[in-house]
Amino acid sequence: MALTSPWRADFPAISVLEAEGQTYLDSAATAQKPQALMDRVYGYFRSGAANVHRAQHLPSERATRAFEATRETTARWLNASADDEIVFTHGATEAFNLLAYGLEAQFQSGDELVISALEHHANLLPWQQLARRKGLRLVVLPIDAQGRVDLQVASGLIGPRTRLLAISQLSNVLGTWQPLTELIALARSVGAITVVDGAQGIVHGRHDVQALGCDFYVFSSHKLYGPEGLGVLYGRRDRLRMLEHWQFGGEMVRHARLEDADFHAPPMGLEAGTPAIGAVIGLGATLGYLGGLDAEAVRRHESALLDRLCQGLRQRTGVRLLGEPQAALASFVVEGVHNADLANLLGEQGIAVRAGQHCAMPLYQSLELGGAIRVSLALYNDGSDLDRFFAALDAAREILG
Amino acid sequence: MTLPAAAAEAMQRFAAAGGWEQRARLLMQWGERLEPLDDSERNEANRVQGCESQVWLTGTQQDGLWYYRAASEARLLRGLLTLLIERVNGLSAEELATLDLTQWFTDLGLARQLSPSRSNGLMAVLRRMRALSEQG
């Protein structure tokens with residue numbers, strides 16, 4: 001049965017890559033961009049770039065309006081209760097670092113920070129380093145064989161000393177949804193701050209931060225078909241105000257004297273320096289484009305793609321799927337074949353997938369694997385992409401014996 | 001400078017390969033020529049950082065000329081390491097410092113294996129070779 005994406009043509013890069021013999025199956029690393037984004041960004045630069053928030057002239061007014069419109073669109077996208085709960089950063093990684101530094105004063109030696117065993121380095125290292133700076137304990141929730149945080153163990157590990165829970169919504173290696181509702185409830189019951197890494201989750205389905213009940217939600221624009229150099233930090237208003245100012249300079253300052261200064265409240269007070277204005281405006285266009293799609297049709301398409309991917313992998317002898325993927329991506333290893341060899345020969349055949357440890361080295365240590373191959377899908381992928389991938393996989397395996 | 005005999009043979013065989021499949025099969029054949037390292041040589045000090053798979057490299061000097069041995073878990077990389085070693089073994093530190101290895105792999109039809117986005121580590125191995133020879 002043909003599995004055709006009706007949105008493929010909205011992403012010009014897909015046909016350009018196809019003409020070069022490239023099949024793009026690495027969208028969990030970064031996604032291709034819709035024409036709507038390119039048009040908007042081109043239009044912005046072409047009609048006059050300007051800095052935001054600080055000039056009386058027309059170009060600045062125009063840029064500021066477009067910039068703030070994205071804040072509004074993003075707030076609606078996440079169902080935040082107000083626009084000023086959205087902070088723009090220079091990437092998701094920076095957002096986690098902002099949290100780890102901004103919340104530092106909330107913690108005392110002996111407090112516990114809870115993460116899971118499948119965190120991306122961006123949601124691990126800032127907390128690990130914070131724990132080292134402040135003498136905190138980093139508690140790691142184990143995962144089960146399916147690739148989800150084990151709730152029973154988690155309920156024993158989240159306790160009165162827990163001050164923060166930082167957890168991924170959708171694993172970037174296993175493609176498994178994490179039991180956020182239950183985990184957030186556990187953390188809230190002990191008064192802990194909750195942080196959700198939505199970098200992968202945001203790309204697959206709409207999520208309501210108020211319904212989730214998290215304090216902070218972080219995602220990155222470029223994985224959500226938007227421009228690079230831009231991260232989004234949602235923070236519940238009262239929690240956002242707990243954050244200490246972290247980076248200084250630019251428009252985050254309200255009044256500066258030589259000896260001291262005072263600063264704006266969030267979000268402005270947390271956005272030091274000139275923001276990535278073009279990228280923010282571009283993300284607005286992407287969200288506008290995505291908002292116009294039939295979300296249910298996208299979900300069905302992605303789910304059919306993933307089924308076909310997992311089926312094809314499970315059919316092949318010697319292929320071991322990691323965990324039980326539920327969305328968008330699957331990682332696998334082949335018995336007796338080094339993933340670097342497989343990746344090399346897939347690359348030779350124009351298959352763009354990722355090999356290695358996908359910025360989650362501790363997860364691979366717990367799986368006792370040196371790495372794996374990850375195939376990740378987006379709404380523009382087709383059944384034909386998977387056909388090419390499987391043909392290339394079979395050819396590579398034949399050579400590697 | 002004339003090519004060492006083993007390198008000249010490699011050049012002839014790889015230049016005749018038509019397409020990725022033949023090159024891959026050749027690389028695996030070449031990998032089998034790689035002289036194995038002892039377990040004791042596969043130690044942390046000899047491990048080359050920056051490779052997707054584990055790679056170990058040793059270098060020894062004899063009469064001012066350098067000889068290398070290497071090991072890897074990945075078969076294609078073993079082939080690439082053989083090609084690298086066959087080209088550089090018996091060179092002096094000065095010769096190694098100025099040798100154009102990009103050209104060498106390009107001539108073999110393997111230029112993409114050296115591209116910066118590849119994390120196979122071939123460039124890291126070369127840097128380690130040069131570092132070893134400079135320390136003397």
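In the text below, chain A, chain B and the rest are named by the order of the sequence lines, each starting its count at 1.
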Worksheet item: If you round to the nearest 0.5 Å, how far is CD of B/E21 from CD of A/E348?
Response: 10.5 Å
Worksheet item: How far does CH2 of B/W20 sit from CD1 of A/I399, to the nearest 0.5 angstrom?
Response: 4.0 Å
Worksheet, complete the sentence: On a heavy-atom basis, the closest approach of A/G347 and B/R112 is O-NH2, 3.7 Å
Worksheet entry | Between CG on residue B/L77 and CG on residue A/N344, distance to nearest 0.5 Å | 8.5 Å
Response to the item:
Whatever's closer than 4.5 Å to a heavy atom in chain B on A/Q349 counts as side chain
Worksheet, complete the sentence: Taken to the nearest 0.5 Å, the spacing of B/R78 CZ from A/D341 CG works out to 7.5 Å
Worksheet item: Is atom CD of B/Q103 surrounded by more than 12 heavy atoms (other residues, nucleotides or ligands) closer than 6.0 Å?
Response: yes
Practice prompt. Heavy-atom distances under 4.5 Å only: say whether A/L342 touches chain B with side chain, backbone, both or neither.
Written response: neither
Practice prompt. Can you check whether anything in residues 25-32 of chain B gets within less than 4.5 Å of chain A, heavy-atom wise, and list it by number?
Written response: B/R25, B/M28
Discussion item. Tell me whether the count of non-hydrogen atoms from other residues, nucleotides or ligands lying under 6.0 Å of OH in A/Y42 goes above 12.
Written reply: no
